[in-house]
Amino acid sequence: VRTVILPTVDTRVYAEYSYEDFSASAGINTQRRHKWEVGGSYRISQAHSVGVAARGLYDYSAANAMTGRVEEGEIYYAGRLPFEPFGIVWTHDVSLALGTFTTSGLPPGPATAFTGSHWRAEWNHQFHIDGHNRFDLSYSVTENRFDQAAAVGRNSRSHAVSLGYTHRF
């Protein structure tokens, strides 16, 4: 469920909640998931806007125990670049998110809750060729850091690049 409120032409506020039921799945510890997100944006000019968001994700087992938690805050900028190479409109957005997490250690090891922090940075580009065709290029990097010394070897940094094409009929 997503609700969007537009108090002015330059301001947008939204809230979202979702529920997922995994009880029919076999071999996973999580039986259900709750997710929420709230945020807002402000258009500072015709081609530029800034925003903030907060989100949470909570996983629960069949015994109603929390098996995972992620909470984060995000700031972002979106805009249209002031030049049009080859007549293509180029828009982009940049975001930075910081947050914390809890995850459960699964058998065969002991049932231990691991905590930590993470950060994520994304840079997304859209190249609008015309009113019907668009290419998307995205890059993101995420780093997870565990608090417990026993889990430090699990710290990770991942990079992802994606390329997409959209045609509107």
Side-chain angles (χ1 to χ4, degrees), residues 1-7 11-42 49-78 91-126 134-168:
V1 175
R2 184 175 180 103
T3 301
V4 178
I5 300 170
L6 303 168
T11 308
R12 180 177 71 105
V13 178
Y14 68 93
E16 180 176 324
Y17 172 81
S18 67
Y19 172 82
E20 298 174 49
D21 183 359
F22 300 112
S23 60
S25 300
I28 62 172
N29 194 33
T30 298
Q31 293 296 304
R32 65 184 191 287
R33 173 176 288 166
H34 298 269
K35 293 192 300 189
W36 62 268
E37 182 173 345
V38 295
S41 64
Y42 179 72
S49 64
V50 292
V52 295
R55 61 183 62 91
L57 178 146
Y58 307 93
D59 290 340
Y60 294 92
S61 69
N64 222 19
M66 185 179 289
T67 59
R69 172 194 60 80
V70 176
E71 295 171 335
E72 69 179 25
E74 177 182 81
I75 58 172
Y76 64 90
Y77 160 80
T91 61
H92 70 128
D93 61 83
V94 179
S95 63
L96 175 63
L98 304 168
T100 62
F101 64 87
T102 302
T103 185
S104 300
L106 299 175
T112 305
F114 294 102
T115 60
S117 60
H118 73 278
W119 62 266
R120 177 176 39 83
E122 295 181 354
W123 194 9
N124 304 306
H125 301 271
Q126 294 182 339
R134 180 183 82 209
F135 283 98
D136 299 302
L137 175 64
S138 299
Y139 170 72
S140 69
V141 58
T142 302
E143 182 172 286
N144 293 310
R145 295 193 154 281
F146 286 87
D147 294 333
Q148 290 80 5
V152 168
R154 292 180 163 183
N155 291 345
S156 65
R157 180 178 289 171
S158 60
H159 301 264
V161 176
S162 67
L163 178 65
Y165 170 75
T166 301
H167 176 79
R168 292 185 189 167

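No experiment lies behind these values; they were computed from the predicted model shown. These numbers come from the heavy atoms of this one structure, side chains and all, not from hydrogens, waters or symmetry mates.
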For [Y], is there any backbone N or O sitting under 3.5 Å from a side-chain donor or acceptor partner on [X]?
{"X": "Gln148", "Y": "Thr115", "result": "yes"}
{"X": "Ser61", "Y": "Ala63", "result": "yes"}
{"X": "Asn155", "Y": "Phe146", "result": "yes"}

Within the 4.5 Å heavy-atom criterion, are [X] and [Y] side-chain neighbours or not?
{"X": "Thr11", "Y": "Leu6", "answer": "no"}
{"X": "Val50", "Y": "Tyr77", "answer": "yes"}
{"X": "Val94", "Y": "Asn124", "answer": "no"}
{"X": "Tyr139", "Y": "His159", "answer": "yes"}

### Query
Are Arg120 and Glu74 ion-paired here, with the side-chain N under 4.0 Å from a carboxylate O?
yes

Note to self: Under the criterion side-chain contact (heavy atoms from CB on, under 4.5 Å), I'd like the reasoning laid out for Tyr76 against Asp93: C-alpha separation, chi angles, the key distance, then a yes or no.
What the structure shows: CA-CA 7 Å; Tyr76 64 90; Asp93 61 83; 5.6 Å; no

Hey, could you give me the [atom1]/[atom2] distance between [X] and [Y], rounded to the nearest 0.5 Å?
{"X": "His125", "Y": "Leu163", "atom1": "NE2", "atom2": "CG", "result": "11.5 Å"}
{"X": "Glu37", "Y": "Glu16", "atom1": "CD", "atom2": "CD", "result": "5.5 Å"}
{"X": "Asp147", "Y": "Ser117", "atom1": "CG", "atom2": "OG", "result": "6.0 Å"}
{"X": "Ser138", "Y": "His92", "atom1": "OG", "atom2": "NE2", "result": "12.5 Å"}
{"X": "Gln126", "Y": "Thr166", "atom1": "CD", "atom2": "OG1", "result": "8.0 Å"}
{"X": "Ile75", "Y": "Ser95", "atom1": "CD1", "atom2": "OG", "result": "9.0 Å"}

For His118 and Glu143, does a side-chain donor sit closer than 3.5 Å to a side-chain acceptor?
no

Next item on the list: Kindly assign one of parallel, tilted or perpendicular to the pair His167 and Tyr165, based on the angle between their ring planes and the thresholds 30° and 60°.
Entry: parallel

Exercise. Which of parallel (below 30°), tilted (30 to 60°) and perpendicular (above 60°) describes Tyr60 and His34?
Worked result: perpendicular

### Message
Checking Phe22 against Arg32 for the side-chain contact (heavy atoms from CB on, under 4.5 Å) test, could you report, in this order, the C-alpha distance in whole Å, the side-chain angles of both residues, the deciding distance, and whether it holds?
### Response
CA-CA 5 Å; Phe22 300 112; Arg32 65 184 191 287; 5.5 Å; no

* Asked: Cation over ring, Arg154 on Phe114, under 6.0 Å and within 45°?
  -> yes

Is the NZ or CZ atom of Arg69 both under 6.0 Å from the centre of the six-membered ring of Phe101 and within 45° of that ring's axis?
no

Can you see which heavy atom on [X] is nearest to which on [Y], and at what distance?
{"X": "Leu98", "Y": "Trp119", "result": "CD2-CB, 3.5 Å"}
{"X": "Ala53", "Y": "Tyr14", "result": "CB-OH, 3.5 Å"}
{"X": "Ser140", "Y": "Glu122", "result": "CB-CG, 3.5 Å"}
{"X": "Leu96", "Y": "Ala121", "result": "CD1-CB, 4.3 Å"}

| query | Under 6.0 Å from the CH2 atom of Trp36, do we count more than 12 heavy atoms belonging to anything else shown? | reply | yes

> Can you tell me if CZ on Arg168 sees more than 12 non-hydrogen neighbours from other groups inside 6.0 Å?
Replying inline: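 No, the 6.0 Å shell around CZ holds no more than 12 heavy atoms from other groups.
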
Practice prompt. Take Thr67 and Thr103, measure what side-chain contact (heavy atoms from CB on, under 4.5 Å) needs, and give me the verdict at the end.
Written response: CA-CA 6 Å; Thr67 59; Thr103 185; over 6 Å; no

Per side chain to side chain contact (heavy atoms under 4.5 Å, CB included), Lys35 is matched among Asp59, Val70, Leu57 by Leu57

